[in-house]
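The first residue of the sequence shown is numbered 1, and numbering continues consecutively from there.
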Amino acid sequence: MPQGRLVLVGNPSDAAAVRHWVAVRRWAAHHGWETTRTVSGTAWCAIVTEEVLAGSCSPADTATLDTLRAAGIRCVSVHDAPALLATVPTLSRSA
């Protein structure tokens, strides 16, 4: 059973965003968290590309972002994600 859940929205387009995206996926795998691209159930937060946050994205990504926000799920930039994940309490990372 996963420790937590992260929703990934968008497709990173620049080298820095790709590095952070990979870091998020590695962190999740290492700590037993699930990553998903669909919004169903609960999620700890959503990691979102800059393009999606700026509204320069597909209608599907816009709808996903709207659904996440309506559900009160925190949406953070892929560039801010590594620092945010570093703040997750140790207790939530343990099995």
Residue pair Ala81 / Ile47: nearest heavy atoms and the distance that separates them: CB-CD1, 3.6 Å

Spatial distance of atom SG (Cys45) from atom CG (Leu84) [nearest 0.5 Å]: 5.5 Å

State which residues pass side-chain contact (heavy atoms from CB on, under 4.5 Å) with Arg26; sequence neighbours excluded, sorted by chain then number. Val22

Taking C-beta and beyond as the side chain, do Leu8 and Arg25 meet within less than 4.5 Å on heavy atoms? yes

Test log, rule side-chain contact (heavy atoms from CB on, under 4.5 Å), inputs Leu85 and Val24: CA-CA 8 Å; Leu85 295 176; Val24 165; 4.0 Å; yes

Qualifying residues under ring-ring contact (aromatic ring centres under 6.0 Å, His included), relative to Trp44, sequence neighbours excluded: Trp33

Please assess Trp21 against Thr49 for the test side-chain contact (heavy atoms from CB on, under 4.5 Å), listing each intermediate value before the final yes or no. CA-CA 9 Å; Trp21 201 260; Thr49 63; 3.8 Å; yes

Does atom CZ of Arg74 have more than 12 heavy-atom neighbours, drawn from other residues, nucleotides or ligands, at distances under 6.0 Å? no

Any residue meeting side-chain hydrogen bond (donor to acceptor under 3.5 Å, both in side chains) with Ser13, in chain and number order, not counting sequence neighbours: Glu51

How would you list, by chain and number, every residue that makes a side-chain hydrogen bond (donor to acceptor under 3.5 Å, both in side chains) with Thr38, sequence neighbours excluded? Thr36

Without swapping roles, check the side chain of Arg19 against the backbone of Asp14 for a donor-acceptor pair under 3.5 Å. no

All pairs passing side chain to side chain donor-acceptor pair (under 3.5 Å) where residues 77-86 contributes a residue, at least two apart: His20-His79, Glu50-Ser77

Shortest non-hydrogen contact from Ala17 toward Val78: O-CG2, 3.7 Å

So does Ser58 get a backbone contact from the side chain of Thr62, meaning a donor-acceptor N/O pair under 3.5 Å? yes

Gap separating the CD1 atom of Ile73 from the OG1 atom of Thr67, nearest 0.5 angstrom: 9.0 Å

Sequence neighbours excluded, the answer for side-chain contact (heavy atoms from CB on, under 4.5 Å) partners of Cys75 is Ala46, Val48, Leu65, Leu68, Arg69

